[in-house]
Structures are given as C-alpha cells and as structure tokens.
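To start, the structure under review is shown below, and the notes come after it.
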Amino acid sequence: MAQGVNIENFSFWYGQSQVVKNISLSAPVRQVTALIGPSGCGKTTLLRSINRLHELHPGTRAAGRIAIGEEDIFSAAVDPVDLRRRVGMIFQKPSPFPHLSVFENVAAGLRLHGLAQGKEIAERVEACLRKAALWEEVKDDLGRKGALLSGGQQQRLCIARALAVEPEVFLMDEPCASLDPVGIMRIEELIRELKHDYTVIIVTHNMHQASRISDQTAFVLNGELVEVGRTKEFFLAPTDPRTEAYLTWKIG
Amino acid sequence: MTNRRKRKALGLLFEALCVLAASIAIVVLALILYYVFRRGIGVVGFVFLTSLPAPVGVAGGGIGNALIGSLLMVGLGALIAVPVCIAAAVFLDQNPASKLSAFVRFATRVLSGVPSMVIGLFVFGQLVLRTGNYSALAGGIALSIVMAPVITLSAEEMLRLVPSSQREASMALGASKQQTVFRLVLPGAAGGLIVGVMLAVALAAGQTAPVLLTALTSRFWLESLQQPTASLPVLIYHYATSPFADWQAHAWGAALVLVTAILVLNVTAQLSLGLSNRRR
Ligand SMILES: Nc1ncnc2c1ncn2[C@@H]1O[C@H](COP(=O)(O)OP(=O)(O)OP(=O)(O)O)[C@@H](O)[C@H]1O
Ligand SMILES: [Mg+2]
C-alpha cells in the first residue's frame, strides 16, 4: 500500500558538518515529488535518510522526524532493515547484481524476504518485468546476466527488482543521469505509471524532467529547503528570488 | 634537436632493458621446465605414479604414497585454512578501518614473510614433540599456516572488488549486512576467491621444510592421519641427494609431476581470472 512521506524539521550531519538543515517537506501519497538544487546541496543525503541508508556510514547523525504514513521511521519499533524493504530505491548508477541473471535479479528480493515460493516466483518476476516495461525486451533470455543489458535496461531491471518487494515509497536519485534520450523517455513514462500505485520522490538535475514528471517540486540550497510548490506554479512563478535565480541558471 | 634525439635514445634503451628483464623471468622458467621435463619424462608412467618406492637396486617402484600424502596434506591444509581465512577476509572487508583489521592485516603480511622452515619448526615444537609422533595431521596444519596469508590477502582484495554501489543496492532491498555478505559479496567474488585458493594450494604443494619437519616421510601407504607420511617435495629432496642413480632419476620424475601440478594450478587460476575480468 502506497504511503505518503512526511519530513519534519529534519537535519543531518556528517561528523561536524551539517548538510541537511531543518527541512520540513511532505511528499503526498501517489504523487511525484521532485528534489532539485545545485550539486552538493544535500539532495542525496535527504533522500537516503528516508530509507536510513545513510546511517550505515560511520559518524553520521540525524535529528527531526520522518514519517512514512503515520509511522516515525526513527522510532525504536522500526527495524531499519525492514524499513528498507518498504522503501524502494533506484540509484544514479544502475546497479543490478552482476553475478545474477535478469530473472534472479528480480527474484532476489522475493527469495530474500520469502515473499513467494515455487511457481509463484516466476509469475511475480514476469509481472514486475512487465510493470517495469522490460518484459518484451528480455523475455526470450531471462538467464542472461543482468549486467549485460544496456544502461537503460539495467535501470528498468533495478526498478523491477525494487517493485518485487512491494515498497510503499520509491526513492530515485538521478535515475536518468547515465541514460540516453530514449532511455530517459522510457524511465519517465515508467515513473508516470508508477505514481498510480506508489509515492515517488526523485532527485534530478534536469529542470525539464522535473517539470515533465513531477506533481510537486522542492528546491534545496545549501541544505535548506528554499521553496516547495505544485510543479506548474513552481516553474511558472517561483516566489523566492533564489529559486528564480537558480531556474535561470544564476546559482549552481 | 640533439636533445630530443638523446631523449628518444634513452627511452628506447630503457624500454629494451625492461623487456630484457621481463624476458629473463620467462627464460628461467622455460629452462627449468625444459630441464625437468627432459630428465623426468622417461621415468613417469602408470607404475611410477601408483607404486610404493622400491628399495635401492630393485627395478620399478614409484611415488604413489608420496603423491597421496601430498594430496592429503595439501587438501587438509586447504580445508583448515579456507574457511578461517575467508571469514577473516570478510571481517576485514566489513570493518576496513577498525584497529583489529589493521592489526590482522599487519600480522598476515608478517606471516607471509616468515620462512616456511620456521612454520615447520613451530608445528614441530607444538604438535610433533607433544604428541610424540610425526603425522599427516601436523603436516596439514603446517601447510594451512603457509597458505593462510595468501588466501586472506587475496580474498580481501577480491571482496573489495564488489563495489559499494551493489552492496547499497542490496541493503536498500532490505537485506541485512549478513545477507548481503552471503547473497551478494561472497557469490560475486567467488571466482576470485577460488583463484586465490588455487594459488595458495600451488604454493603449499611445493613446500618442503614444513612437511619434512612435521610429517617426515614414509615408505608405506598412508593408513592414518597420525602416522609419518610421505610427500612429493620431501621425496624429491631425499632421492635427489641420495648417491643412487635410479633414485636420482625418480627424483626427476617426481619433480616433473609436482611442477606440472603447480603449473596447471597457476595457469588455470590465471585463465579463470582473465575470464572473470572480461565478464565484468
Ligand atoms: N559520506 C559522506 N561523508 C562526508 N560528507 C559527505 C558524504 N556524502 C556527502 N557528503 C557531503 O554532504 C554534502 C551533500 O552531499 P549530497 O550527496 O547529499 O549532495 P547532492 O545534493 O546529492 O549533490 P549532487 O547533486 O552532486 O548529487 C556535500 O557537501 C558532500 O560533500
Ligand atoms: Mg546526489
């Protein structure tokens, strides 16, 4: 079941340096929220806080609240390993498991969490590959190593892999950064499909992409949230002068 | 532009010297192989590989028990060393910056520089003297210590080749650290791990001192792990230094068998490493 994400007064430190500063932002359920901002402003850090992937680095500290649905992800009752199953993540660099076949890449999460057995695995794998718009291209050779696909296919494979464990939220960190225009178009189409069933938060450096696929856009600068609004209004009539400067390439 | 010509000439000279130095290694190996092959080939045959050594002056006889003894002790050594060393490598990989890791790495590097004679002496003092007999078990333990640094250091390197992006992808899928190790890191590095083990086995198979001091030798078939046990390197050592021509000939035959085994292991390791690199 899709869930919204509610970030309240969230801050994050690497050692002494604070890279996310008291950000409050809510990503509505079944909508696409785009995070934009110059390089190094803390977008990836914020995104990786939502599945608590960043606390794996030593010396980091977080403060504030992030809720998925009603549940505070930092509460003692939440196991971060379990949380990460509920939050799908797509990385900038496509990262299929290279020693596994296309089929096994998608099945990995099913097997890991015991979500399906026997024949059901094959059905679920097919369904996920279809949903990720990859089935037609790989159905004749599911035994091929995942790493042998093209970059765009690999990224869709990663989406299929994430879909298999039925996450509530999708986090995407510049998922199109290494793709060609056709690959980008396919991922964008896919994201538009995904938002019917999932909440999507996507980091992108491409303003056009943000305006094409997102319902809401948030602008982050030096770790602070400068402005957030409905995407149409955000790009047409930004209220903060810093946003306007960024959109016209004066910052970043 | 004499300067330029000078630089060019120097560059050529340097390159030629490098090629020469590199060729020396190849020439030496080729000479050894040629020599061992020429002297040994006439001796090696089915009877030679499957018979007990014959007394001086008696025709026939072979290296069957030494062959089995070597296989057993090297296998035993690998059986002990592989799980421990791969587990250690996993620890190093998971805790790269910890104090314990730094210490383990240091100790491993020192161990790899300890003369194998000293390793043999250590096991001799700790096991052979205490139990009162030379044994295949002691030999296997000594060889496991010889293999340990090679396996640990190569395994750590192979595990490190699994990029952090994939580990993060695994964690992001909801895998725990242990699951990530067992389902992603170890299977992903399996090819490289096997290569490291093969090289360690090849190294251990040729070691003389550690088995001489721990398993001694034997003229009989192996019956238990608690007995003195023959091995190829020790047999070669004894036969080659004996005054009898037929024993010396057998030393060449045994050397040919041993060198061939080591060569095959190394070549297989090299080939499979090349293959797995190309697949990445
Ligand atoms: N593991 C880390 N340890 C210490 N500092 C880090 C670490 N990761 C990121 N930083 C720092 O935190 C800041 C924010 O980094 P982050 O990756 O979140 O930026 P970003 O907005 O995603 O940038 P980009 O658009 O280039 O991906 C940067 O100044 C970066 O140098
Ligand atoms: Mg980033």
Side-chain angles (χ1 to χ4, degrees), chain A residues 44 47-48 50-59 79-100 104-115 145-148 154-155 157-167 169-173 178, chain B residues 86 89-103 105 154-197 272-280:
Chain A
T44 296
L47 200 71
R48 286 171 169 234
I50 300 173
N51 65 350
R52 294 178 64 177
L53 199 59
H54 252 24
E55 66 184 37
L56 296 171
H57 294 273
D79 174 7
V81 172
D82 184 50
L83 169 75
R84 291 186 197 114
R85 185 194 67 71
R86 292 159 44 203
V87 182
M89 181 163 242
I90 306 300
F91 299 83
Q92 174 172 347
K93 192 170 155 243
S95 53
F97 302 135
H99 65 294
L100 295 183
E104 285 301 327
N105 260 283
V106 184
L110 297 172
R111 297 194 200 280
L112 182 68
H113 301 293
L115 294 175
K145 290 269 185 295
L148 295 180
Q154 287 188 22
Q155 200 60 301
L157 179 61
C158 292
I159 292 177
R161 181 177 69 189
L163 280 169
V165 297
E166 300 187 334
V169 179
F170 256 98
L171 308 176
M172 303 190 173
D173 195 352
S178 59
Chain B
I86 302 246
V90 167
F91 176 83
L92 295 177
D93 177 66
Q94 294 287 306
N95 309 279
S98 84
K99 279 219 177 73
L100 182 58
S101 292
F103 187 69
R105 269 187 216 108
S154 73
E156 190 200 356
E157 221 151 279
M158 292 306 156
L159 296 183
R160 209 168 347 154
L161 285 181
V162 178
S164 61
S165 59
Q166 279 163 28
R167 300 167 193 240
E168 283 183 337
S170 166
M171 303 288 290
L173 208 58
S176 66
K177 273 195 168 173
Q178 290 87 309
Q179 286 170 324
T180 300
V181 166
F182 282 108
R183 288 166 181 256
L184 174 76
V185 180
L186 285 176
L193 296 178
I194 292 171
V195 167
V197 171
S272 54
L273 201 60
L275 272 185
S276 69
N277 277 348
R278 211 172 314 147
R279 240 181 290 135
R280 265 169 212 279

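These numbers come from the heavy atoms of this one structure, side chains and all, not from hydrogens, waters or symmetry mates. Protein chains get the first letters and strands the later ones, always in sequence-line order, with residue 1 at the start of each. Since the structure is predicted, the reported quantities are computational estimates derived from the model, not experimental observations.
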State, with a plain yes or no, whether a side-chain heavy atom of B:Lys177 is found less than 4.5 Å away from one of A:Val81. no
Which portion of A:Pro96 sits near chain B, non-hydrogen atoms under 4.5 angstrom: backbone
Which of residues 167-175 of chain B get closer than 4.5 angstrom to chain A, counting heavy atoms alone? B:Glu168, B:Ala169, B:Ser170, B:Met171, B:Ala172, B:Leu173, B:Gly174, B:Ala175
Please list, chain by chain and in numerical order, all residues satisfying side chain to side chain donor-acceptor pair (under 3.5 Å) with B:Arg105, sequence neighbours excluded. B:Glu156
Which bit of A:Arg86 is near chain B, if near means a heavy-atom gap under 4.5 Å: side chain, backbone, both or neither? neither
Against chain B, label A:Leu112 side chain, backbone, both or neither, depending on which of its atoms sit under 4.5 Å from a heavy atom there. both
Using the test side chain to side chain donor-acceptor pair (under 3.5 Å), find all partners of B:Ser98 that sit at least two apart in sequence or belong to another chain. B:Ser101
Distance from B:Ser176 atom OG to A:Arg84 atom CZ, nearest 0.5 Å? 10.0 Å
So for A:Asn51, is it side chain, backbone, both, or neither that comes closer than 4.5 Å to the heavy atoms of chain B? side chain
Pairs in or reaching into residues 105-115 of chain A: which pass salt bridge (charged side-chain N to carboxylate O under 4.0 Å, His left out), with residues at least two apart or in two chains? A:Glu104-A:Arg111
Among A:Lys93, A:Arg161, A:Arg52, A:Met89, residue most engaged with chain B (heavy-atom pairs, under 4.5 Å): A:Arg161
At a heavy-atom separation under 4.5 Å, does A:Leu83 approach chain B through its side chain, its backbone, both, or neither? neither
